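Here is the structure we will look at.
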Protein chains: 2
Amino acid sequence: MDLIFHALAHPARRKILDLLKSLPGCSVNDLCQYFEFSRIAVIKHLQVLGEAQLVIAKKNGRKRELYFNAVPIQMIYDRWTTEYSSFWASKATDLKFQIEASLSKSKRGSKKS
Amino acid sequence: MDLIFHALAHPARRKILDLLKSLPGCSVNDLCQYFEFSRIAVIKHLQVLGEAQLVIAKKNGRKRELYFNAVPIQMIYDRWTTEYSSFWASKATDLKFQIEASLSKSKRGSKKS
DNA sequence: CCGATATGTAACTTATTGGTTACCTATGAA
DNA sequence: TTCATAGGTAACCAATAAGTTACATATCGG
């Protein structure tokens, strides 16, 4: 579970998933065209995604056909819907309108970060 | 969106969300009892969660009542169900059974929590 | 065979995270 | 006021993440 959350944490890796959804079976080099950074960086992101089983690959000659695998995402989906669903549109949500501030903006104006 | 994924990437922060779900309105010090590391580390995790709007706080005297906020999670849920749902139990899933290997079989030692 | 292409690994550098200790601010109670 | 408690900030340090260049391997088309 940790591997999945970790893999999804980087925007480039989520972009890879989006690309693989649009271009199933595309190669590593195909993916590289959509990124600023080097092919090696893409490969490393693919490794992280592979550890989380979010990307699977089928070798075809000297190419690798890459595919998005939604199964791990289903796991996270299940975790949220089962463990957090009781909070959807419930008390915690409503609190947004009665609570003075979120943690992200500290009140005491003395300091700036 | 990036803030949310980033906030969810660390197991301690997901644990905080679970705790706040069980103990709505609890204080920072209350939370600290469930972690090995220091109160300051907990506060920092709370800041990350606050930036992602996953935790909101109501000040009560010198205490802060902390609450889990599921709204950002709904956003992610929506993203997945709308953008990835076509892949659920579809071709990419089936590929698991015909593909020689996932990308993950490479070295890379185990990740820690 | 050869050279070009496609991919992967090793070693390294830098940026970011996650944690610490020490200190500061604010509130509640004696 | 004085002091303990709850919370937060600043400065710093260690571990990890994210990227690089250089090198290695494997496959395809002459």
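Everything quoted here is computed from the prediction, not taken from an experiment. Order of the sequence lines sets the chain letters (A, B, ...), proteins ahead of strands, with each chain counted from 1.
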(request) Whole angstrom is fine here: how far is it from CG in B:L3 over to C1' in C:dT16? (result) 15 Å
(request) Send over the distance from B:L49 CG to C:dG18 P, rounded to a whole Å. (result) 11 Å
(message) Between A:R13 (side chain only) and A:A7 (backbone N and O only), is there a donor and an acceptor less than 3.5 Å apart?
(response) yes
(message) If you only use heavy atoms from C-beta on, which nucleotide in C:dT7, D:dA18, D:dG7 is closest to the side chain of B:I43?
(response) D:dG7
(message) Treating primed atoms plus P, OP1 and OP2 as sugar-phosphate and everything else as base, which nucleotides of nucleotides 23-30 of chain D get B, S or - for protein heavy atoms under 4.0 Å?
(response) ----BB--
(message) Using OP1 and OP2 only, check whether a side-chain N or O of B:Q47 sits under 4.0 Å from D:dT9.
(response) yes
(request) Measure the distance from NE2 on A:H10 to C1' on C:dA15 and round it to the nearest whole Å. (result) 11 Å
(request) Report yes or no: is the cationic atom of B:K58 (NZ for Lys, CZ for Arg) closer than 6.0 Å to the six-membered ring centre of B:Y67, at no more than 45° off its axis? (result) no
(message) Measure CZ/B:F35 against C1'/C:dT20 and give the value in whole Å, please.
(response) 17 Å
(message) Once you measure the plane-to-plane angle for A:Y77 and B:Y77, does it fall in the parallel (<30°), tilted (30-60°) or perpendicular (>60°) bin?
(response) parallel
(message) Nearest whole Å is fine: how far is C:dT16 C1' from B:K44 NZ?
(response) 12 Å
(request) Give a yes/no on whether any side-chain N or O of B:N29 is located under 4.0 angstrom from OP1 or OP2 of D:dG7. (result) yes
(message) Between A:K15 and A:Y34 (side chain of the first, backbone of the second, donor and acceptor by atom type, cut-off under 3.5 Å), is there such a pair?
(response) yes
(message) Just the rounded figure in Å: distance from C1' of D:dT20 to NE2 of A:H45.
(response) 12 Å
(message) Output the rounded distance in Å from CG (A:D2) to C1' (D:dA17).
(response) 14 Å
(message) If you take the centroid of each ring, where Trp contributes its six-membered ring, are A:F5 and B:H6 closer together than 6.0 Å?
(response) no
(request) Using atom types as modelled and distance alone, determine if a side-chain donor or acceptor of B:R64 lies under 3.5 Å from a backbone N or O of B:K59. (result) no
(request) Using only heavy-atom distances, determine whether the side chains of A:N69 and A:Q53 contain a donor-acceptor pair under 3.5 Å. (result) no
(message) Heavy atoms from C-beta onward define the side chain here; which of D:dT20, C:dT20, C:dG8 lies closest to that of A:V28?
(response) C:dG8
(message) Any side-chain N or O of A:S38 below 4.0 angstrom from OP1/OP2 of D:dT21?
(response) no
(message) What is the separation between atom CD on A:Q33 and atom C1' on C:dA6, rounded to the nearest whole Å?
(response) 13 Å
